[in-house]
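Data block below; observations after.
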There are 2 protein chains.
Amino acid sequence: MGFLERVPQLDDVIARLECAARLEELQSIIEWLRDYYAVDDMVYHWVSSNGTQYGCGTYDPKWVARYLEKGYLRVDPVVIGCYQRFHPVDWKRLDWSGKAARAFMTDAMAHGIGNQGYSIPIRGPNGQFALFTVSHTCADDEWARFTELNRRDLILLAHYFNQTALKLEPGRKPEATQPLSPREVETMTLLAVGYSRAQVADTLSISEHTLRVYIESARFKLGALNTTHAVARAMARGQIVV
Amino acid sequence: MGFLERVPQLDDVIARLECAARLEELQSIIEWLRDYYAVDDMVYHWVSSNGTQYGCGTYDPKWVARYLEKGYLRVDPVVIGCYQRFHPVDWKRLDWSGKAARAFMTDAMAHGIGNQGYSIPIRGPNGQFALFTVSHTCADDEWARFTELNRRDLILLAHYFNQTALKLEPGRKPEATQPLSPREVETMTLLAVGYSRAQVADTLSISEHTLRVYIESARFKLGALNTTHAVARAMARGQIVV
DNA sequence: TACACCCTCACCAGAATTGGGGAGTTGGAA
DNA sequence: TTCCAACTCCCCAATTCTGGTGAGGGTGTA
(Lines give C-alpha, C1' and ligand atoms only; values in the text may rest on other atoms or scores of the structure.)
Protein backbone atom coordinates (compact mmCIF):
# COMPACT_ATOMS: atom_id res chain seq x y z
CA MET A 1 0.00 0.00 0.00
CA GLY A 2 2.55 2.52 1.15
CA PHE A 3 4.54 4.68 -1.18
CA LEU A 4 7.78 3.83 0.50
CA GLU A 5 7.62 0.14 1.05
CA ARG A 6 10.09 -0.54 -1.72
CA VAL A 7 13.03 1.34 -0.27
CA PRO A 8 14.96 -1.19 1.80
CA GLN A 9 17.93 1.06 2.48
CA LEU A 10 15.81 3.71 4.15
CA ASP A 11 14.15 0.93 6.10
CA ASP A 12 17.53 -0.27 7.26
CA VAL A 13 18.71 3.10 8.46
CA ILE A 14 15.46 3.86 10.21
CA ALA A 15 15.48 0.45 11.83
CA ARG A 16 19.00 1.07 13.06
CA LEU A 17 17.92 4.43 14.43
CA GLU A 18 14.93 2.98 16.19
CA CYS A 19 16.94 0.17 17.74
CA ALA A 20 19.68 2.44 18.99
CA ALA A 21 20.04 2.10 22.74
CA ARG A 22 22.76 4.68 23.25
CA LEU A 23 23.36 8.12 21.84
CA GLU A 24 26.82 7.04 20.69
CA GLU A 25 25.25 4.80 18.08
CA LEU A 26 23.81 7.82 16.35
CA GLN A 27 27.32 8.98 15.65
CA SER A 28 28.18 5.94 13.56
CA ILE A 29 24.87 6.09 11.75
CA ILE A 30 25.37 9.71 10.82
CA GLU A 31 28.86 8.96 9.58
CA TRP A 32 27.49 6.19 7.43
CA LEU A 33 24.89 8.58 6.02
CA ARG A 34 27.52 11.21 5.32
CA ASP A 35 29.39 8.69 3.21
CA TYR A 36 26.24 7.41 1.57
CA TYR A 37 25.25 10.87 0.40
CA ALA A 38 28.85 11.79 -0.34
CA VAL A 39 28.69 15.14 1.38
CA ASP A 40 31.28 16.93 3.50
CA ASP A 41 29.33 16.98 6.73
CA MET A 42 26.12 15.83 8.31
CA VAL A 43 25.06 16.94 11.77
CA TYR A 44 22.19 16.44 14.17
CA HIS A 45 22.09 19.05 16.89
CA TRP A 46 19.53 19.41 19.57
CA VAL A 47 18.85 22.07 22.21
CA SER A 48 16.32 21.51 24.95
CA SER A 49 14.49 24.14 26.92
CA ASN A 50 16.74 23.81 29.95
CA GLY A 51 19.78 24.61 27.86
CA THR A 52 20.96 21.03 27.51
CA GLN A 53 22.66 20.44 24.22
CA TYR A 54 23.43 17.29 22.40
CA GLY A 55 24.94 16.79 19.02
CA CYS A 56 26.35 14.16 16.80
CA GLY A 57 27.88 14.59 13.42
CA THR A 58 30.96 14.85 11.34
CA TYR A 59 32.14 18.37 12.03
CA ASP A 60 35.75 18.77 13.05
CA PRO A 61 35.85 18.49 16.86
CA LYS A 62 37.94 21.65 16.94
CA TRP A 63 35.11 23.54 15.27
CA VAL A 64 32.55 22.08 17.66
CA ALA A 65 34.65 23.13 20.63
CA ARG A 66 35.09 26.60 19.22
CA TYR A 67 31.38 26.85 18.49
CA LEU A 68 30.53 26.08 22.09
CA GLU A 69 33.31 28.17 23.56
CA LYS A 70 32.38 31.25 21.54
CA GLY A 71 28.68 30.87 22.24
CA TYR A 72 28.00 30.80 18.53
CA LEU A 73 24.62 29.27 19.23
CA ARG A 74 23.25 32.77 19.67
CA VAL A 75 25.06 34.15 16.64
CA ASP A 76 24.76 31.38 14.07
CA PRO A 77 22.29 32.56 11.40
CA VAL A 78 21.40 28.94 10.73
CA VAL A 79 20.16 28.47 14.28
CA ILE A 80 18.52 31.87 14.46
CA GLY A 81 16.91 31.51 11.07
CA CYS A 82 15.68 27.99 11.64
CA TYR A 83 14.39 28.83 15.06
CA GLN A 84 11.87 31.13 13.47
CA ARG A 85 10.72 28.96 10.62
CA PHE A 86 9.39 25.52 10.12
CA HIS A 87 10.52 24.43 6.73
CA PRO A 88 13.89 23.13 5.65
CA VAL A 89 16.04 25.99 4.54
CA ASP A 90 19.04 26.45 2.30
CA TRP A 91 21.80 28.43 3.98
CA LYS A 92 21.86 30.85 1.10
CA ARG A 93 18.40 32.03 1.98
CA LEU A 94 19.33 33.01 5.51
CA ASP A 95 20.21 36.47 6.70
CA TRP A 96 24.00 36.80 6.61
CA SER A 97 24.07 40.55 7.03
CA GLY A 98 25.23 41.85 10.35
CA LYS A 99 28.73 42.01 11.67
CA ALA A 100 28.48 39.04 14.01
CA ALA A 101 27.04 36.80 11.32
CA ARG A 102 29.75 37.62 8.82
CA ALA A 103 32.48 37.09 11.39
CA PHE A 104 30.92 33.77 12.25
CA MET A 105 30.86 32.75 8.61
CA THR A 106 34.49 33.52 7.96
CA ASP A 107 35.43 31.66 11.12
CA ALA A 108 33.38 28.67 10.00
CA MET A 109 34.95 28.71 6.58
CA ALA A 110 38.38 28.80 8.16
CA HIS A 111 37.47 25.62 10.03
CA GLY A 112 36.53 23.83 6.85
CA ILE A 113 32.77 24.15 6.89
CA GLY A 114 31.33 23.89 3.42
CA ASN A 115 29.99 26.85 1.51
CA GLN A 116 26.67 25.11 0.95
CA GLY A 117 24.25 23.90 3.58
CA TYR A 118 20.74 22.69 4.09
CA SER A 119 19.16 22.58 7.53
CA ILE A 120 15.94 21.07 8.73
CA PRO A 121 14.45 22.49 11.92
CA ILE A 122 12.53 20.15 14.17
CA ARG A 123 10.35 21.27 17.00
CA GLY A 124 8.60 19.67 19.84
CA PRO A 125 6.80 20.67 22.99
CA ASN A 126 8.79 21.90 25.98
CA GLY A 127 10.71 24.24 23.73
CA GLN A 128 12.56 21.40 22.12
CA PHE A 129 14.44 22.49 19.10
CA ALA A 130 16.71 20.46 16.93
CA LEU A 131 18.52 20.87 13.65
CA PHE A 132 19.49 18.31 11.08
CA THR A 133 22.07 19.77 8.78
CA VAL A 134 23.88 18.72 5.63
CA SER A 135 26.83 20.75 4.48
CA HIS A 136 29.03 20.53 1.44
CA THR A 137 31.48 22.41 -0.73
CA CYS A 138 30.28 22.79 -4.28
CA ALA A 139 28.71 25.11 -6.79
CA ASP A 140 25.22 26.50 -6.39
CA ASP A 141 23.56 24.52 -9.18
CA GLU A 142 25.03 21.23 -8.05
CA TRP A 143 23.82 21.92 -4.55
CA ALA A 144 20.36 22.81 -5.80
CA ARG A 145 20.16 19.45 -7.56
CA PHE A 146 21.31 17.63 -4.46
CA THR A 147 18.77 19.24 -2.16
CA GLU A 148 15.97 18.82 -4.66
CA LEU A 149 16.76 15.14 -4.92
CA ASN A 150 17.26 14.34 -1.26
CA ARG A 151 15.00 16.72 0.57
CA ARG A 152 12.49 14.06 1.49
CA ASP A 153 15.12 11.63 2.68
CA LEU A 154 16.53 14.30 4.91
CA ILE A 155 13.17 15.23 6.37
CA LEU A 156 12.53 11.65 7.37
CA LEU A 157 16.02 11.18 8.70
CA ALA A 158 15.74 14.38 10.73
CA HIS A 159 12.52 13.10 12.19
CA TYR A 160 13.89 9.72 13.17
CA PHE A 161 17.12 11.15 14.52
CA ASN A 162 15.11 13.42 16.73
CA GLN A 163 12.81 10.64 17.81
CA THR A 164 15.73 8.51 18.88
CA ALA A 165 17.59 11.35 20.54
CA LEU A 166 14.53 12.30 22.57
CA LYS A 167 13.95 8.70 23.55
CA LEU A 168 17.51 8.42 24.80
CA GLU A 169 17.75 11.85 26.34
CA PRO A 170 19.13 11.40 29.82
CA GLY A 171 17.76 14.51 31.49
CA ARG A 172 14.23 13.87 30.38
CA LYS A 173 12.50 12.09 33.21
CA PRO A 174 13.39 14.46 36.08
CA GLU A 175 11.24 17.15 34.52
CA ALA A 176 8.15 15.69 36.14
CA THR A 177 5.77 18.23 34.71
CA GLN A 178 3.07 18.69 37.26
CA PRO A 179 -0.21 19.15 35.44
CA LEU A 180 -2.13 22.37 35.94
CA SER A 181 -5.76 22.37 36.89
CA PRO A 182 -8.27 23.70 34.32
CA ARG A 183 -8.66 26.98 36.16
CA GLU A 184 -4.93 27.38 36.40
CA VAL A 185 -4.60 26.76 32.67
CA GLU A 186 -7.24 29.38 31.93
CA THR A 187 -5.53 31.82 34.24
CA MET A 188 -2.09 31.32 32.69
CA THR A 189 -3.52 31.48 29.19
CA LEU A 190 -5.31 34.76 29.74
CA LEU A 191 -2.29 36.28 31.43
CA ALA A 192 -0.18 35.20 28.47
CA VAL A 193 -2.40 37.10 26.07
CA GLY A 194 -1.99 40.32 27.96
CA TYR A 195 -4.90 40.43 30.38
CA SER A 196 -4.28 42.06 33.74
CA ARG A 197 -5.27 40.20 36.86
CA ALA A 198 -8.43 42.22 37.15
CA GLN A 199 -9.38 41.46 33.56
CA VAL A 200 -8.68 37.77 33.99
CA ALA A 201 -10.78 37.63 37.13
CA ASP A 202 -13.56 39.42 35.32
CA THR A 203 -13.33 37.12 32.31
CA LEU A 204 -13.45 34.02 34.47
CA SER A 205 -16.21 35.55 36.62
CA ILE A 206 -14.35 35.04 39.84
CA SER A 207 -12.99 37.42 42.40
CA GLU A 208 -9.49 38.70 42.00
CA HIS A 209 -8.65 37.12 45.34
CA THR A 210 -9.52 33.71 43.97
CA LEU A 211 -7.57 34.40 40.87
CA ARG A 212 -4.52 35.04 42.96
CA VAL A 213 -4.83 31.62 44.49
CA TYR A 214 -4.65 30.11 41.00
CA ILE A 215 -1.67 32.17 40.03
CA GLU A 216 0.08 31.20 43.23
CA SER A 217 -0.67 27.51 42.89
CA ALA A 218 0.31 27.50 39.23
CA ARG A 219 3.48 29.35 40.09
CA PHE A 220 4.25 26.74 42.72
CA LYS A 221 3.55 23.83 40.40
CA LEU A 222 5.69 25.34 37.68
CA GLY A 223 8.48 26.14 40.08
CA ALA A 224 8.33 29.74 38.96
CA LEU A 225 9.58 32.80 40.79
CA ASN A 226 6.90 35.20 39.62
CA THR A 227 3.93 35.48 37.33
CA THR A 228 5.90 36.24 34.18
CA HIS A 229 8.16 33.29 34.85
CA ALA A 230 5.19 31.04 35.44
CA VAL A 231 3.60 32.03 32.14
CA ALA A 232 6.89 31.57 30.32
CA ARG A 233 7.35 28.11 31.78
CA ALA A 234 3.79 27.07 31.09
CA MET A 235 4.29 28.12 27.48
CA ALA A 236 7.66 26.47 27.12
CA ARG A 237 6.27 23.21 28.47
CA GLY A 238 3.27 23.32 26.21
CA GLN A 239 0.87 23.43 29.13
CA ILE A 240 -0.91 26.44 27.73
CA VAL A 241 -1.78 27.22 24.15
CA VAL A 242 -1.25 30.80 23.14
CA MET B 1 21.68 9.14 -4.60
CA GLY B 2 18.50 9.56 -2.66
CA PHE B 3 16.65 6.74 -1.04
CA LEU B 4 13.33 7.92 -2.34
CA GLU B 5 14.00 8.84 -5.89
CA ARG B 6 12.24 5.77 -7.20
CA VAL B 7 8.79 6.51 -5.80
CA PRO B 8 6.95 8.42 -8.52
CA GLN B 9 3.59 8.38 -6.79
CA LEU B 10 4.88 10.13 -3.72
CA ASP B 11 6.60 12.58 -6.01
CA ASP B 12 3.32 13.26 -7.74
CA VAL B 13 1.39 13.93 -4.58
CA ILE B 14 4.10 16.13 -3.13
CA ALA B 15 4.35 18.02 -6.39
CA ARG B 16 0.61 18.57 -6.35
CA LEU B 17 0.85 19.80 -2.78
CA GLU B 18 3.68 22.16 -3.55
CA CYS B 19 1.92 23.59 -6.60
CA ALA B 20 -1.35 24.16 -4.78
CA ALA B 21 -2.30 27.80 -4.97
CA ARG B 22 -5.46 27.62 -2.91
CA LEU B 23 -6.37 25.84 0.28
CA GLU B 24 -9.33 24.22 -1.47
CA GLU B 25 -6.97 22.12 -3.54
CA LEU B 26 -5.76 20.40 -0.41
CA GLN B 27 -9.22 19.01 0.06
CA SER B 28 -9.19 17.09 -3.20
CA ILE B 29 -5.68 15.85 -2.55
CA ILE B 30 -6.59 14.52 0.85
CA GLU B 31 -9.64 12.78 -0.58
CA TRP B 32 -7.46 11.17 -3.18
CA LEU B 33 -5.07 10.00 -0.45
CA ARG B 34 -7.92 8.63 1.61
CA ASP B 35 -8.94 6.47 -1.31
CA TYR B 36 -5.37 5.50 -2.09
CA TYR B 37 -4.76 4.22 1.41
CA ALA B 38 -8.29 2.81 1.61
CA VAL B 39 -9.00 4.21 5.05
CA ASP B 40 -12.18 5.70 6.46
CA ASP B 41 -10.90 9.21 7.06
CA MET B 42 -7.87 11.39 6.61
CA VAL B 43 -7.67 14.88 8.06
CA TYR B 44 -5.25 17.76 8.24
CA HIS B 45 -6.10 20.22 10.97
CA TRP B 46 -4.16 23.27 11.91
CA VAL B 47 -4.40 25.76 14.76
CA SER B 48 -2.35 28.92 14.72
CA SER B 49 -1.32 31.02 17.67
CA ASN B 50 -4.03 33.61 17.13
CA GLY B 51 -6.71 30.94 17.35
CA THR B 52 -7.25 30.69 13.62
CA GLN B 53 -8.21 27.21 12.60
CA TYR B 54 -8.09 25.54 9.28
CA GLY B 55 -8.87 22.01 8.33
CA CYS B 56 -9.39 19.82 5.38
CA GLY B 57 -10.33 16.22 5.36
CA THR B 58 -12.97 13.64 4.93
CA TYR B 59 -14.83 13.81 8.22
CA ASP B 60 -18.59 14.16 8.01
CA PRO B 61 -19.32 17.92 7.93
CA LYS B 62 -21.89 17.37 10.65
CA TRP B 63 -19.17 16.05 12.93
CA VAL B 64 -16.89 18.94 12.09
CA ALA B 65 -19.64 21.43 12.90
CA ARG B 66 -20.38 19.66 16.15
CA TYR B 67 -16.70 19.55 17.03
CA LEU B 68 -16.40 23.28 16.61
CA GLU B 69 -19.71 24.10 18.26
CA LYS B 70 -18.95 22.00 21.32
CA GLY B 71 -15.42 23.34 21.63
CA TYR B 72 -14.07 19.81 21.50
CA LEU B 73 -10.66 21.19 20.64
CA ARG B 74 -9.98 21.56 24.35
CA VAL B 75 -11.43 18.19 25.22
CA ASP B 76 -10.23 15.93 22.43
CA PRO B 77 -7.55 13.63 23.89
CA VAL B 78 -5.95 13.42 20.46
CA VAL B 79 -5.31 17.16 20.42
CA ILE B 80 -4.33 17.34 24.06
CA GLY B 81 -2.10 14.31 23.80
CA CYS B 82 -0.42 15.36 20.60
CA TYR B 83 0.10 18.86 21.85
CA GLN B 84 2.47 17.58 24.48
CA ARG B 85 4.43 15.14 22.43
CA PHE B 86 6.38 15.15 19.27
CA HIS B 87 6.05 11.71 17.81
CA PRO B 88 3.21 10.22 15.83
CA VAL B 89 0.85 8.52 18.17
CA ASP B 90 -1.71 5.79 17.97
CA TRP B 91 -5.03 6.77 19.49
CA LYS B 92 -4.98 3.72 21.70
CA ARG B 93 -1.98 5.08 23.55
CA LEU B 94 -3.69 8.31 24.53
CA ASP B 95 -5.34 9.03 27.85
CA TRP B 96 -9.05 8.32 27.47
CA SER B 97 -9.83 8.39 31.16
CA GLY B 98 -11.77 11.34 32.42
CA LYS B 99 -15.45 12.04 31.98
CA ALA B 100 -15.09 14.63 29.23
CA ALA B 101 -12.83 12.40 27.15
CA ARG B 102 -15.17 9.43 27.37
CA ALA B 103 -18.19 11.55 26.49
CA PHE B 104 -16.26 12.91 23.56
CA MET B 105 -15.38 9.43 22.37
CA THR B 106 -18.93 8.13 22.44
CA ASP B 107 -20.08 11.23 20.61
CA ALA B 108 -17.38 10.74 17.99
CA MET B 109 -18.30 7.10 17.56
CA ALA B 110 -21.93 8.07 17.09
CA HIS B 111 -20.84 10.32 14.26
CA GLY B 112 -19.07 7.51 12.46
CA ILE B 113 -15.49 8.15 13.49
CA GLY B 114 -13.40 5.00 13.29
CA ASN B 115 -12.25 3.09 16.33
CA GLN B 116 -8.64 3.25 15.18
CA GLY B 117 -6.58 6.33 14.60
CA TYR B 118 -3.06 7.56 14.06
CA SER B 119 -2.15 11.21 14.44
CA ILE B 120 1.02 13.07 13.61
CA PRO B 121 1.64 16.33 15.43
CA ILE B 122 3.49 19.05 13.61
CA ARG B 123 4.94 22.08 15.28
CA GLY B 124 6.40 25.32 14.19
CA PRO B 125 7.41 28.61 15.68
CA ASN B 126 4.73 31.11 16.70
CA GLY B 127 2.91 28.35 18.49
CA GLN B 128 1.86 26.75 15.27
CA PHE B 129 0.38 23.39 15.83
CA ALA B 130 -1.12 21.05 13.31
CA LEU B 131 -2.34 17.49 13.21
CA PHE B 132 -2.38 15.02 10.39
CA THR B 133 -4.71 12.18 11.23
CA VAL B 134 -5.72 8.89 9.69
CA SER B 135 -8.72 7.09 11.08
CA HIS B 136 -10.26 3.76 10.29
CA THR B 137 -12.55 1.04 11.58
CA CYS B 138 -10.83 -2.28 11.95
CA ALA B 139 -9.22 -4.70 14.36
CA ASP B 140 -6.15 -3.84 16.39
CA ASP B 141 -3.71 -6.13 14.59
CA GLU B 142 -4.79 -4.97 11.16
CA TRP B 143 -4.33 -1.37 12.25
CA ALA B 144 -0.90 -2.10 13.67
CA ARG B 145 0.16 -3.52 10.31
CA PHE B 146 -1.21 -0.48 8.50
CA THR B 147 0.56 2.05 10.67
CA GLU B 148 3.79 0.09 10.60
CA LEU B 149 3.70 0.04 6.83
CA ASN B 150 2.70 3.63 6.17
CA ARG B 151 4.16 5.60 9.01
CA ARG B 152 6.87 7.17 6.92
CA ASP B 153 4.50 8.10 4.12
CA LEU B 154 2.28 9.82 6.62
CA ILE B 155 5.13 11.74 8.24
CA LEU B 156 6.16 13.14 4.90
CA LEU B 157 2.60 13.91 3.87
CA ALA B 158 1.97 15.66 7.16
CA HIS B 159 5.04 17.74 6.59
CA TYR B 160 4.11 18.77 3.09
CA PHE B 161 0.49 19.42 3.96
CA ASN B 162 1.66 21.74 6.69
CA GLN B 163 4.14 23.44 4.44
CA THR B 164 1.49 24.19 1.87
CA ALA B 165 -1.09 25.24 4.41
CA LEU B 166 1.35 27.67 6.01
CA LYS B 167 2.34 29.04 2.65
CA LEU B 168 -1.28 29.70 1.78
CA GLU B 169 -2.33 30.88 5.19
CA PRO B 170 -4.11 34.17 4.68
CA GLY B 171 -3.46 35.83 8.02
CA ARG B 172 0.27 35.24 7.87
CA LYS B 173 1.87 38.27 6.28
CA PRO B 174 0.45 40.99 8.55
CA GLU B 175 2.50 39.59 11.41
CA ALA B 176 5.47 41.73 10.43
CA THR B 177 7.66 40.65 13.30
CA GLN B 178 9.72 43.63 14.28
CA PRO B 179 13.15 42.45 15.39
CA LEU B 180 14.27 43.19 18.92
CA SER B 181 17.59 44.81 19.68
CA PRO B 182 20.25 42.74 21.50
CA ARG B 183 19.59 44.49 24.78
CA GLU B 184 15.87 43.97 24.40
CA VAL B 185 16.43 40.28 23.73
CA GLU B 186 18.59 39.97 26.83
CA THR B 187 16.01 41.79 28.88
CA MET B 188 13.13 39.61 27.69
CA THR B 189 15.17 36.46 28.13
CA LEU B 190 16.11 37.22 31.71
CA LEU B 191 12.56 38.22 32.57
CA ALA B 192 11.38 34.94 31.07
CA VAL B 193 13.59 32.95 33.41
CA GLY B 194 12.15 34.61 36.46
CA TYR B 195 14.39 37.58 37.19
CA SER B 196 12.76 40.66 38.63
CA ARG B 197 13.44 44.00 36.99
CA ALA B 198 15.99 44.85 39.67
CA GLN B 199 17.80 41.55 39.14
CA VAL B 200 17.82 41.96 35.39
CA ALA B 201 19.22 45.46 35.67
CA ASP B 202 21.85 44.17 38.02
CA THR B 203 22.74 41.27 35.76
CA LEU B 204 23.08 43.52 32.75
CA SER B 205 24.96 46.10 34.82
CA ILE B 206 22.64 48.93 33.90
CA SER B 207 20.32 51.08 35.92
CA GLU B 208 16.79 49.93 36.40
CA HIS B 209 15.66 53.09 34.65
CA THR B 210 17.47 52.03 31.53
CA LEU B 211 16.07 48.58 31.81
CA ARG B 212 12.60 49.99 31.79
CA VAL B 213 13.29 51.67 28.51
CA TYR B 214 14.13 48.29 27.00
CA ILE B 215 11.06 46.67 28.42
CA GLU B 216 8.93 49.50 27.12
CA SER B 217 10.44 49.47 23.65
CA ALA B 218 10.24 45.69 23.46
CA ARG B 219 6.68 45.84 24.61
CA PHE B 220 5.92 48.35 21.91
CA LYS B 221 7.63 46.36 19.20
CA LEU B 222 5.84 43.22 20.25
CA GLY B 223 2.51 44.97 20.45
CA ALA B 224 2.17 43.74 24.01
CA LEU B 225 -0.01 45.16 26.73
CA ASN B 226 2.31 44.44 29.65
CA THR B 227 5.57 42.77 30.53
CA THR B 228 4.16 39.29 30.86
CA HIS B 229 2.44 39.63 27.52
CA ALA B 230 5.64 40.87 25.92
CA VAL B 231 7.63 37.93 27.20
CA ALA B 232 4.94 35.51 26.09
CA ARG B 233 4.88 37.01 22.61
CA ALA B 234 8.65 37.07 22.31
CA MET B 235 8.69 33.41 23.22
CA ALA B 236 5.84 32.46 20.92
CA ARG B 237 7.53 34.22 18.04
CA GLY B 238 10.84 32.59 18.72
CA GLN B 239 12.54 35.90 19.34
CA ILE B 240 13.92 34.70 22.63
CA VAL B 241 15.20 31.26 23.48
CA VAL B 242 14.34 30.08 26.96
C1' DT C 1 25.96 65.11 6.31
C1' DA C 2 21.72 63.80 7.93
C1' DC C 3 18.80 60.32 9.67
C1' DA C 4 17.68 56.43 12.31
C1' DC C 5 18.38 53.30 15.74
C1' DC C 6 20.59 51.66 19.90
C1' DC C 7 22.33 52.38 24.59
C1' DT C 8 22.37 54.94 28.71
C1' DC C 9 20.36 57.79 32.59
C1' DA C 10 16.68 60.59 35.29
C1' DC C 11 12.01 62.09 37.76
C1' DC C 12 7.37 61.30 39.65
C1' DA C 13 2.87 59.60 41.20
C1' DG C 14 -0.58 56.27 40.74
C1' DA C 15 -1.76 51.53 39.85
C1' DA C 16 -0.87 46.83 40.14
C1' DT C 17 1.33 42.87 42.00
C1' DT C 18 3.15 40.07 45.71
C1' DG C 19 3.65 37.55 50.17
C1' DG C 20 1.89 35.96 54.13
C1' DG C 21 -2.17 34.41 56.67
C1' DG C 22 -7.18 31.49 57.10
C1' DA C 23 -11.65 29.03 55.70
C1' DG C 24 -15.66 26.88 53.46
C1' DT C 25 -17.85 23.76 49.56
C1' DT C 26 -17.81 20.35 46.04
C1' DG C 27 -16.72 16.17 43.47
C1' DG C 28 -13.98 12.39 42.27
C1' DA C 29 -10.78 8.65 43.83
C1' DA C 30 -9.14 5.10 47.15
C1' DT D 1 -16.76 6.58 53.80
C1' DT D 2 -12.79 9.18 53.92
C1' DC D 3 -9.47 11.85 51.82
C1' DC D 4 -7.53 14.85 48.59
C1' DA D 5 -7.55 18.18 45.02
C1' DA D 6 -9.91 21.77 42.95
C1' DC D 7 -12.66 25.88 43.42
C1' DT D 8 -14.22 29.79 45.85
C1' DC D 9 -13.74 33.82 49.09
C1' DC D 10 -11.48 37.31 52.48
C1' DC D 11 -7.70 40.73 54.99
C1' DC D 12 -3.41 43.72 55.07
C1' DA D 13 0.95 45.95 54.12
C1' DA D 14 5.16 46.16 51.48
C1' DT D 15 7.03 45.96 47.14
C1' DT D 16 7.03 46.31 42.35
C1' DC D 17 5.48 47.75 38.10
C1' DT D 18 3.56 51.21 34.83
C1' DG D 19 2.95 55.49 32.04
C1' DG D 20 4.53 59.61 30.47
C1' DT D 21 8.38 62.89 29.28
C1' DG D 22 13.11 64.37 28.47
C1' DA D 23 18.07 64.12 27.08
C1' DG D 24 22.82 62.94 25.66
C1' DG D 25 26.34 60.07 23.05
C1' DG D 26 27.48 56.33 19.86
C1' DT D 27 27.21 53.69 15.38
C1' DG D 28 25.92 52.59 10.95
C1' DT D 29 23.43 53.59 6.68
C1' DA D 30 21.61 56.53 2.77
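Note on naming: letters A, B, ... go to the chains in the order of the sequence lines (proteins, then strands), and numbering restarts at 1 for each one.
The interatomic distance linking B:Glu208 (CD) with C:dC12 (P) rounds to 15 Å, in whole Å. In this structure, B:Tyr214 places its OH atom 12 Å from C1' of C:dC5, rounding to the nearest Å. What separates CD of B:Glu184 from C1' of C:dT8 is a distance of 13 Å, to the nearest Å. The interatomic distance linking B:Asp202 (CG) with C:dC9 (P) rounds to 12 Å, in whole Å. Here D:dC17 presents its C1' atom at 15 Å from CG of B:Leu225, a figure rounded to the nearest Å. Rounded to a whole Å, the CD1 atom of B:Ile215 is 15 Å from the P atom of D:dG20. Distance CZ (A:Phe220) to C1' (C:dG20): 15 Å, rounded to an integer number of Å. When the P atom of C:dG20 is taken as reference, atom NE2 of A:His209 falls 19 Å away, rounded to whole Å.
Judged by atom type and distance alone, A:Arg212 reaches the base of C:dG19 through a side-chain donor-acceptor pair under 3.5 Å.
Phosphate contact (OP1/OP2 of D:dT18, side-chain N/O of B:Thr227, threshold under 4.0 Å): present. Between A:Thr210 and D:dC9 there is a side-chain polar atom (N or O) within less than 4.0 angstrom of OP1 or OP2. A sub-4.0 Å separation between OP1 or OP2 of C:dT17 and a side-chain N or O of A:Arg197 is present. At least one side-chain nitrogen or oxygen of B:Lys221 sits closer than 4.0 Å to the OP1 or OP2 atom of C:dC6.
Closest to the side chain of B:Arg183, out of D:dA6, C:dC7, D:dT18, is C:dC7. With C:dT17, C:dT18, D:dC7 as the candidates, the nucleotide lying closest to the side chain of A:Ser181 is D:dC7.
Just one residue in the list B:Val185, B:Leu190, B:Leu191 forms a side chain to side chain contact (heavy atoms under 4.5 Å, CB included) with B:Met188, and that residue is B:Leu191.
Counted by atom type alone, B:Thr228 and A:Thr227 present zero donor-acceptor pairs between their side chains at under 3.5 Å. Using modelled atom types, one finds a donor on one side chain and an acceptor on the other under 3.5 Å when comparing A:Thr58 with A:Asp41.
The residue among A:Arg219 and B:Ile206 whose nearest nucleotide of DNA chain C lies closer to the 5′ end is B:Ile206. When the nearest nucleotides of DNA chain C are assigned to B:Ser207 and B:Leu180 by heavy-atom distance, the more 5′-ward of the two goes with B:Leu180.
Side-chain contact between A:Ile113 and A:Trp63: present, with at least one pair of heavy atoms (C-beta onward) separated by less than 4.5 Å. Looking at A:Asn162 and A:Tyr44, their side chains come closer than 4.5 Å, going by heavy atoms from C-beta outward.
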